[in-house]
Number of protein chains: 2
Amino acid sequence: MANISDVARLAGVSPMTVSRVINHSGHVKEETRLRVLRAMKELNYVPNDLARSLVRRRTDTLALIVPDITNPFFTTVARGTEDTARKNDFRVVLCNSDEDPAKELEYIRMCVSIRVDGVIIAAAGDGSRKNLELLDSFEIPYVLVDRKVDGVQADVVTGDSRMGAFQLVKHLIDLGHRDIAMITGFLTTSTARERRDGYRRALEEHGIPFREAWVKETSYMRNMDFTLVEQLLDCTPRPTAIFAANNFLAVQVIRGLRHRGLRVPEDMAVVCFDDVDPYSLVEPFLTVASQPAYNFGTIATQLLIERIEHGEGPAPSPRSIVLQPEVIIRKSSGH
Amino acid sequence: MANISDVARLAGVSPMTVSRVINHSGHVKEETRLRVLRAMKELNYVPNDLARSLVRRRTDTLALIVPDITNPFFTTVARGTEDTARKNDFRVVLCNSDEDPAKELEYIRMCVSIRVDGVIIAAAGDGSRKNLELLDSFEIPYVLVDRKVDGVQADVVTGDSRMGAFQLVKHLIDLGHRDIAMITGFLTTSTARERRDGYRRALEEHGIPFREAWVKETSYMRNMDFTLVEQLLDCTPRPTAIFAANNFLAVQVIRGLRHRGLRVPEDMAVVCFDDVDPYSLVEPFLTVASQPAYNFGTIATQLLIERIEHGEGPAPSPRSIVLQPEVIIRKSSGH
DNA sequence: ATCACAAATGTTATCGGTAACATGATCGAT
DNA sequence: ATCGATCATGTTACCGATAACATTTGTGAT
């Protein structure tokens, strides 16, 4: 594999001149430039980015760490990230933590050892704090996306989970429901907490008591504990509506209901956070609080790149961007 | 950020000894080893993999290039790849070509410039051949997964598309259908061709003429041309069954049918290749030829790693692993 | 006590680039 | 003709690790 010296030799110049041609830096006479380009082509030369990054102390690489790469919400974030990164000449390494802080830590270690320029992370939970401190200690900038982390000061792009949850539950209440249960992700994630808070506030503002037992907590992932739905159905009184805190939970809820022979919305109203992929669902059906996932990605990436490139002077203090979800009312909540 | 010399100095040894400790190579007295480890911890030292890779001429990194990261089929392949890679101490960089050979080429260039040790690729199409030749010219080993590429000799892990398609269509025929249409991906991908061939063979073996016009070709991606379904519905005679060549196409077909007020399977039978994510679909419903996507990933990765590590001697000649799909009969095909 | 060999550690060169500085050529202005 | 500025290119050092070889120390056998 040819290196820069081979090219230089063939073109009859110094490696530095070749470097200038590659990077469009400094002055190079047009004639020499062409000679170098010809030599590069002839040798099928591709610069070695390891060497380049080593000496430049910069890799032009970002890492995106998400808790679940099979969730369309996060793949959409990933697209936003990637598109924005590419526009700014950054690469993206995509990592999947499986909602597991330990696996997340491994990836963060990797980020350090391959010297990424920055990290965008939807943290596994509050346990991610130590992981993030590792980034801090290496002065690698990062941006939180979708989820805040307790005790961590950083740029953050989130949805207004409290508001979205409030509106969804209010919608149910307006429809006459009073016995509304909730299934949410582990409360170690900020979104689960905020959605529960929004749920709670909506209830209380309408004089409905908040019952701890009606909030079931499980993994946000698709392999959630199926029996939770059963448990809710066995409550007395039985809830007439269920608020699922994300898309996968909603689908599981509906499956659980079907399994018991219950129809949506006739026997049980269902609403949820995040879009449930309409392509897979065949027909849009669920009442949801839809989040602008793509923008989560683009904005987070912009913030990160700003930080990476902000040069001297004091770094901008942590910014918090909150995007509003859009409540889309469809059949699953009844009317 | 501390480097290996800082650690060495603090531990009172040479950098080489530190390197030995890090890599568990050579002999190091237990006492010095501990001293070095203490120094590493004290300085919060993380080795620089750029430098390491540069000199070792090896990055312990694989690239996985898929045409559509939002397709659960490919995310499942990705999981298989990642799990296997990690077990063998490789990292995986995940790349998304969007079924676009040009974007694919950019990623392959990136693979070269960051010197990945190998590539697993579900190629965008036959146009990928030139891209792969680039890898050849740099002697970067690669394995094709899911899709073969015309004129490319390499390890390949595919499903038996012809057989799966044959069985699905035969199933429809056995149910009495004779007017069976097909919607498939671009015929520049091997799977589209093979599925069409399987479809064709099933028809012909049962004395049903193959009609070119009944095979509609479009993108495998979720943004397929919606009007194709309409076109099929306007054929005379109107088909009574549709074979969709992948999961997304099937969902689009069903949406198109719903849009026209047609029920599945009463008014139109539908079968397809690949699983349609049962979690999203709420109820398993589609008759499918299910492929062991996870195994696609694990096997491809094993083959690749073998090639990377095979050392001297003649490289193994290209291997072809063909996995059988499993036809799962459900409601969408009627009975 | 001596020797052969393994263990423990160090030295030097190198991977393939680029930053920083140095040098010589070119050029327009006076 | 002279000079400062800009252009064009080269030289040197270094990024942070490891391979390959060199050296010193330790150990057991005779």
Side-chain angles (χ1 to χ4, degrees), chain A residues 1-37 39-40 43-61 89 109-110 112-117 138-139 311, chain B residues 1-37 39-40 43-61 89 109-110 112-117 138-139 311:
Chain A
M1 207 179 307
N3 65 26
I4 201 171
S5 304
D6 298 329
V7 174
R9 207 170 308 123
L10 182 59
V13 298
S14 75
M16 200 53 224
T17 299
V18 178
S19 174
R20 292 198 179 92
V21 172
I22 297 170
N23 296 293
H24 310 284
S25 63
H27 305 272
V28 178
K29 211 201 298 177
E30 181 62 12
E31 181 198 317
T32 11
R33 205 178 68 84
L34 292 177
R35 204 142 32 88
V36 168
L37 288 176
M40 285 172 53
L43 293 175
N44 204 4
Y45 171 70
V46 176
N48 185 324
D49 273 348
L50 296 171
R52 181 165 197 255
S53 298
L54 182 59
V55 63
R56 294 184 57 219
R57 317 176 118 262
R58 163 150 184 174
T59 53
D60 297 326
T61 302
D89 296 313
R109 285 229 180 80
M110 179 192 89
V112 176
S113 63
I114 68 174
R115 302 303 196 255
V116 300
D117 294 334
F138 287 98
E139 298 179 51
Chain B
M1 206 179 307
N3 64 27
I4 201 171
S5 303
D6 299 329
V7 175
R9 206 169 309 125
L10 181 61
V13 297
S14 75
M16 198 56 224
T17 299
V18 178
S19 173
R20 291 196 179 95
V21 172
I22 297 170
N23 297 293
H24 311 283
S25 62
H27 305 271
V28 178
K29 212 202 297 181
E30 182 61 12
E31 182 198 318
T32 12
R33 203 178 70 84
L34 293 176
R35 203 143 30 88
V36 168
L37 287 176
M40 285 173 51
L43 293 175
N44 204 5
Y45 170 71
V46 176
N48 185 324
D49 272 349
L50 296 171
R52 185 182 146 94
S53 297
L54 183 60
V55 62
R56 293 183 55 217
R57 319 178 115 263
R58 165 151 182 173
T59 53
D60 297 326
T61 302
D89 296 312
R109 285 230 180 78
M110 179 193 88
V112 176
S113 62
I114 68 174
R115 303 305 196 252
V116 301
D117 294 336
F138 288 97
E139 298 180 49

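Chain letters run A, B, ... following the sequence lines, proteins first, then strands; residues in each count from 1.
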**Student:** Set out, line by line, the N/O atom pairs under 3.5 Å between protein and nucleotides 23-29 of chain D.
**Tutor:**
none

**Student:** Restricting to non-hydrogen atoms, name the atom on B:R20 and the atom on B:V28 that form the minimum distance, rounded to 0.1 Å.
**Tutor:**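 Shortest heavy-atom separation between B:R20 and B:V28 comes out as CB-CG2, 3.6 Å.
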**Student:** Quick one: pull up OG1 in A:T61 and CZ in A:R115 and give me the separation to the nearest 0.5 Å.
**Tutor:**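 Result: 13.0 Å between the selected atoms.
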**Student:** Would you check if the side chain of B:D49 reaches a backbone N or O of B:R52 as a donor-acceptor pair within less than 3.5 Å?
**Tutor:**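 Side chain of B:D49 to backbone of B:R52, a donor-acceptor pair under 3.5 Å: no, none is there.
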**Student:** Can you tell me how far apart CZ (B:R35) and CG (B:L10) are? Round to the nearest 0.5 Å.
**Tutor:**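 The distance works out to 10.0 Å.
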**Student:** Report yes if at least one side-chain N or O of B:T17 is closer than 4.0 Å to OP1 or OP2 of C:dG10; otherwise report no.
**Tutor:**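 Result: yes.
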**Student:** Tabulate atom names and distances for all N/O pairs under 3.5 angstrom spanning the protein and nucleotides 5-7 of chain D.
**Tutor:**
unit_1, atom_1, unit_2, atom_2, d
D:dC7, OP2, A:H27, NE2, 3.2

**Student:** On a heavy-atom basis, which atom in A:V7 and which in A:V36 lie closest, and how many Å separate them?
**Tutor:**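 Between these two residues, the closest heavy atoms are CG1-O, 4.2 Å.
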**Student:** Please report, rounded to the nearest Å, how far the P atom of C:dG17 is from the CD1 atom of B:I114.
**Tutor:**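 Nearest whole value for this atom pair: 15 Å.
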**Student:** It should be established whether B:T32 places a side-chain nitrogen or oxygen under 4.0 Å from OP1 or OP2 of nucleotide C:dA8.
**Tutor:**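 So the side chain of B:T32 is outside the cut-off, no N or O lying under 4.0 Å from OP1 or OP2 of C:dA8.
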**Student:** Among all residues two or more places apart in sequence or in another chain, which pass the salt bridge (charged side-chain N to carboxylate O under 4.0 Å, His left out) test with B:R56?
**Tutor:**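 Once residues adjacent in sequence are excluded, the partners of B:R56 under the salt bridge (charged side-chain N to carboxylate O under 4.0 Å, His left out) criterion are B:D60.
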**Student:** Mapping B:V18 and A:R35 onto DNA chain D by nearest heavy atom, which one lands closer to the 5' end?
**Tutor:**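 Between the two, 5'-proximity favours A:R35.
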**Student:** In whole angstrom, what separates B:R20's CZ from D:dA17's P?
**Tutor:**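 Answer to the nearest Å: 15 Å.
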**Student:** Enumerate the residues from residues 48-58 of chain B whose closest heavy atom to DNA chain C is under 4.0 Å, giving them by residue number; use none for an empty result.
**Tutor:**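 B:L54, B:V55, B:R57, in order of number.
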**Student:** Tell me the closest heavy-atom pair linking A:A8 and A:P15, and the distance in Å.
**Tutor:**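 Looking at all heavy atoms of both residues, the closest pair is CB-N, 3.5 Å.
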**Student:** For the side chain of A:S113 and the backbone of A:M110, is there at least one donor-acceptor N/O pair under 3.5 Å apart?
**Tutor:**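 Yes, A:S113 side chain to A:M110 backbone: donor-acceptor pair under 3.5 Å.
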**Student:** Side chains of A:I22 and A:M40: does their closest heavy-atom pair fall under 4.5 Å?
**Tutor:**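 Counting from C-beta outward, A:I22 and A:M40 do come under 4.5 Å.
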**Student:** Please report the distance, rounded to the nearest Å, between CZ in A:R115 and P in C:dG17.
**Tutor:**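 These atoms are roughly 20 Å apart.
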**Student:** Under a 4.5 Å cut-off applied to non-hydrogen side-chain atoms, are B:N3 and B:N48 in contact?
**Tutor:**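 They are not in side-chain contact.
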**Student:** Measure CE/A:M1 against C1'/C:dG16 and give the value in whole Å, please.
**Tutor:**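 Whole-Å distance recorded here is 12 Å.
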**Student:** In terms of side-chain heavy atoms of A:M16, which of C:dT11, C:dA19, C:dA8 is nearest?
**Tutor:**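 Shortest atom-to-atom distance from the side chain points to C:dA19.
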**Student:** Roughly how many Å is it from CZ in A:R33 to P in D:dA8, rounded to a whole number?
**Tutor:**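 The distance from CZ of A:R33 to P of D:dA8 comes to 12 Å, rounded to the nearest Å.
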**Student:** Among residues at least two apart in sequence or on other chains, which ones pass side-chain contact (heavy atoms from CB on, under 4.5 Å) with B:L34?
**Tutor:**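 Residues passing side-chain contact (heavy atoms from CB on, under 4.5 Å) with B:L34: B:E30, B:L37, B:R38.
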**Student:** Looking at every heavy atom in both B:I114 and B:T59, which two are closest together, and how far apart are they?
**Tutor:**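 Taking every non-hydrogen atom into account, O-CG2, 3.6 Å.
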**Student:** At what distance, to the nearest 0.5 angstrom, does OG of A:S53 lie from CG of B:L54?
**Tutor:**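 Reported value, rounded in 0.5 Å steps: 10.0 Å.
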**Student:** Of all the choices, D:dT9, C:dT18, D:dC21, which nucleotide is nearest to the side chain of A:N23 once you look at every atom?
**Tutor:**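 For A:N23, the side-chain atoms sit closest to C:dT18.
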**Student:** What residues from residues 2-14 of chain A pass a heavy-atom cutoff of under 4.0 Å to DNA chain C?
**Tutor:**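 Residues of residues 2-14 of chain A under 4.0 Å from DNA chain C: A:N3, A:I4.
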**Student:** Run the side chain to side chain contact (heavy atoms under 4.5 Å, CB included) test on B:R109 and A:V46 for me, step by step, so that the C-alpha distance in whole Å, both residues' side-chain angles and the decisive distance to 0.1 Å come before the verdict.
**Tutor:** CA-CA 8 Å; B:R109 285 230 180 78; A:V46 176; 5.7 Å; no
